[in-house]
Amino acid sequence: MKKIIIAIDGYSSCGKSTLAKQLAKKLNYVYIDTGAMYRAVALFALQNGFIDVDFFDEKALIQHLDKINVSFSFNAELNTSETFLNGKNIEKEIRGIIISNLVSKIAKIKEVRAKMVELQREMGKKKGLVMDGRDIGSVVFPDAELKIFMTAAFEIRAKRRFEELKAKGDNTSYEAVLKNIVSRDDDDTSRTENPLIKAPDAVVLDNSNINQEEQFLIVMNLVNEKLKS
Ligand code: DC
């Protein structure tokens, strides 16, 4: 059976990982959440005192990049892939608002991106991969067989993320979540290094007014076309 690479890019909190996980499960492909990789680097920088709300020692982080090992492991019990930083499970820590507010600064750094892109390309060597992020179709895998560019209205994304955090016991307010999304969109699209852009051959998927099942069916049709061709 032919195996392809599916690149999913788009704005934050558009449900990229939900779609990517559904596809990986259905196709029996590997799923890689590249946002988690940047979040892991942000956590490393925070833990080592290289970054905080009001300061960032970029040079120190760059000098210590070779001390960072990010990996993923599938947790069968929870039926989900979990992120590890130097062997430690950091899944919970990297999803909170502290890392969400720092991660854009980390994702701007050329050296950080170069290291992440190299790791990501390595993961795609055997194909059979669904990868989500911001630069997957444009930079990491410009030859990916299927590229999806996801978008949705600000307020809808903020509401979804707010509910998700609340369900996990995180008390961040809706206003704080909305503010974070607006500022991350701005950071993602305005940075010099690999900004969020739609690859010319990507299919745009606006999920403001469709549910997860509908979205999944639309994309599975696209996948099936690619597998046939
Ligand atoms: O998808 P996410 O919200 O977990 O991503 C976290 C941050 O990392 C976000 O600020 C965008 C950035 N990112 C990136 O620059 N490139 C990627 N391929 C994935 C994420």
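Here the structure is a predicted model, which means the values were calculated and not measured. Only heavy atoms go into these numbers, but all of them, side chains included; no hydrogens, no water, no symmetry mates.
The shortest heavy-atom contact between L61 and V112 is CD2-CG2, 4.1 Å. Residues F141 and Q120 approach most closely at CZ-O, 3.4 Å, considering heavy atoms. For the residue pair R121 and V140, the shortest heavy atom distance occurs at NE-O, 3.0 Å. Scanning all heavy atoms of the two residues, the minimum distance from D206 to A152 falls at OD1-CA, 3.8 Å. Annotation for L129 and G124: closest pair CD2-CA, 3.6 Å, computed over non-hydrogen atoms. The two atoms that bring S208 and A153 nearest to each other are OG-N, 3.0 Å, heavy atoms only.
In this structure, K16 contributes its side chain and I8 its backbone to no donor-acceptor pair below 3.5 Å. D135 places no side-chain N or O within donor-acceptor distance of the main-chain N or O of S138, the cut-off being under 3.5 Å. Formation of a donor-acceptor pair under 3.5 Å by the R191 side chain with backbone atoms of N194 is found in this model. The backbone N or O of N211 lies less than 3.5 Å from a partner atom in the side chain of E214, making a donor-acceptor pair. No donor-acceptor pair closer than 3.5 Å links the side chain of R161 to the backbone N or O of V177. Looking at K115, its side chain does come within 3.5 Å of a backbone N or O of I68 through a donor-acceptor pair. With D170 contributing its side chain and K166 its backbone, the two residues share no donor-acceptor pair below 3.5 Å. No donor-acceptor distance shorter than 3.5 angstrom exists from the side chain of S13 to the backbone of A158, with no hydrogens or angles considered. No donor-acceptor pair under 3.5 Å is formed between the side chain of N180 and the backbone N or O of A176.
Taking a 6.0 Å sphere around OH of Y11, one finds it holds 12 or fewer heavy atoms contributed by other residues, nucleotides or ligands. Other residues, nucleotides and ligands contribute only 12 or fewer heavy atoms inside 6.0 Å of the NZ atom of K159. The neighbour count for K2 NZ, taken as heavy atoms of other residues, nucleotides or ligands under 6.0 Å away, is above 12. Around the CD1 atom of I4, the shell of radius 6.0 Å holds more than 12 heavy atoms that belong to other residues, nucleotides or ligands. For K105, the NZ atom is densely surrounded, since the number of other residues' heavy atoms within 6.0 Å is greater than 12. The environment of CG in D66 is crowded: more than 12 heavy-atom neighbours from other residues, nucleotides or ligands sit within 6.0 Å.
Here the side chains of L178 and F154 are in contact, with some heavy-atom distance below 4.5 Å. Residues F44 and V70 form no side-chain contact, since every pair of their non-hydrogen atoms from C-beta on lies 4.5 Å or further apart. Residues E213 and Q22 have side chains not in contact (no heavy-atom distance under 4.5 Å, counting atoms from C-beta outward). Residues P195 and D188 fail the side-chain proximity criterion, which asks for heavy atoms closer than 4.5 Å. Contact of the I197 side chain with the D9 side chain is not registered, since no non-hydrogen atoms from C-beta on lie closer than 4.5 Å.
Taken to the nearest 0.5 Å, the NZ atom of K67 stands 13.5 Å off from the CG atom of L85. Y174 contributes atom OH, which lies 10.5 Å from atom CD of E163 (distance to the nearest 0.5 angstrom). Going from atom OG1 of T189 over to atom CG of L196 covers 6.5 Å, rounded to the nearest 0.5 Å. Atom OG1 of T83 is separated from atom CD1 of I94 by 4.0 Å, given to the nearest 0.5 angstrom.
Salt bridge E122/K125: present, at least one basic N to carboxylate O contact under 4.0 Å. Salt bridge present: D33 and R95 bring a charged side-chain N and a carboxylate O closer than 4.0 Å. Salt bridge status for E225 with K228: absent, with no side-chain N to carboxylate O gap under 4.0 Å.
Side-chain polar atoms of E82 and S73 form no donor-acceptor pair below 3.5 angstrom. When only modelled atom types and interatomic distance are considered, S100 and R39 share a side-chain donor-acceptor pair under 3.5 Å. Side chains of R157 and N207: a donor-acceptor N/O pair is absent below 3.5 angstrom, by distance only.
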- Could you go through the side chain to side chain contact (heavy atoms under 4.5 Å, CB included) check for T18 and Q212 one step at a time? CA-CA 8 Å; T18 304; Q212 283 176 16; 3.6 Å; yes
- Evaluate side chain to side chain contact (heavy atoms under 4.5 Å, CB included) for I210 paired with I218, printing each intermediate quantity in order. CA-CA 10 Å; I210 55 171; I218 293 170; 3.9 Å; yes
Should M150 and L19 be marked as a side chain to side chain contact (heavy atoms under 4.5 Å, CB included) after you check the CA-CA gap, both sets of side-chain angles, and the distance that decides it? CA-CA 10 Å; M150 287 177 73; L19 173 64; 3.7 Å; yes
Go through the steps for E91 and N75 under the test side chain to side chain contact (heavy atoms under 4.5 Å, CB included), then give the verdict. CA-CA 11 Å; E91 196 49 44; N75 181 330; over 6 Å; no
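Under the 4.5 Å side-chain heavy-atom criterion for grouping Ile, Leu, Val, Met, Phe, Trp and Tyr, L146 is connected to L205 within one hydrophobic cluster. Taking hydrophobic clusters as Ile, Leu, Val, Met, Phe, Trp and Tyr residues chained together by side-chain heavy-atom distances below 4.5 Å, I51 shares a cluster with M37. By the criterion of side-chain heavy atoms lying less than 4.5 angstrom apart, applied directly or through intervening Ile, Leu, Val, Met, Phe, Trp or Tyr residues, I148 is not grouped with Y31; the two fall into different hydrophobic clusters. L27 and M123 fall into different hydrophobic clusters, where Ile, Leu, Val, Met, Phe, Trp and Tyr residues are linked whenever their side-chain heavy atoms come under 4.5 Å apart, directly or through other members. In terms of hydrophobic clustering, with Ile, Leu, Val, Met, Phe, Trp and Tyr side chains grouped at heavy-atom distances under 4.5 Å, I156 and F149 are assigned to different clusters.
For residues 55-111, the set of pairs meeting the ring pair (Phe, Tyr, Trp, His ring centres under 6.0 Å) definition, not counting sequence neighbours, comprises F50-H64.
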